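First the structure, in the form of structure tokens, and then the observations on it.
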Amino acid sequence: MVNIFKKLKHIVLGTWRNLTHKSNELAENRLLICETCEHKKYLTKTVTYCDLCGCITRSKILVKDEHCSLNKW
């Protein structure tokens with residue numbers, strides 16, 4: 001049950017940082033990895049998500065405690 005609340009917290013935090021255009025070096029490095037991943041899918045022309053975990057890429061990369069399902073970052 002705790003993991004569900006932690007995941008929800010990460011989704012909200014990442015979405016907030018994405019909407020307020022907060023970024024950092026860690027997020028930029030993660031994005032470079034995600035951009036070349038075979039699991040990257042397009043929700044719209046500019047919004048991508050991971051087809052393994054279902055997360056919106058630009059939101060997930062902004063949360064320090066998140067990780068790639070394939071351990072790429």
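All values derive from a computational prediction rather than experimental measurement. Numbers here are sequence positions counted from 1.
- Checking side-chain atoms of Thr36 against main-chain N and O of Ile33 turns up a donor-acceptor pair under 3.5 Å.
- Distance alone, capped at 3.5 Å, is enough to place a donor-acceptor pair between the Lys60 side chain and the His67 backbone.
- Within the 4.5 Å cutoff, the side chain of Ser59 has no heavy atoms near those of the Trp16 side chain.
- No side-chain heavy atom of Trp73 sits less than 4.5 Å from a side-chain heavy atom of Leu26.
- Atom OH of Tyr42 and atom CG of Asp51 lie 13.0 Å apart (nearest 0.5 Å).
- Across all their heavy atoms, Glu38 and Lys41 have their closest contact at O-NZ, 3.9 Å.
- Atom-to-atom distance recorded for Lys72:NZ and Leu32:CG is 13.0 Å, nearest 0.5 angstrom.
- Heavy-atom minimum distance, Ala27 versus Leu62: CB-CD2, 3.6 Å.
- If you chain together hydrophobic residues whose side chains sit under 4.5 Å apart, Ile61 and Leu13 never meet in one group.
- A salt bridge is absent between Glu35 and Arg58; no separation between the charged side-chain nitrogens and carboxylate oxygens falls under 4.0 Å.
- Side chains of Ile56 and Val47 form a contact here, defined as non-hydrogen atoms less than 4.5 Å apart.
- Surrounding NZ of Lys40 are more than 12 heavy atoms belonging to other residues, nucleotides or ligands, all under 6.0 Å away.
- By the 4.5 Å heavy-atom criterion applied to side chains, Leu70 and Leu52 are counted as neighbours.
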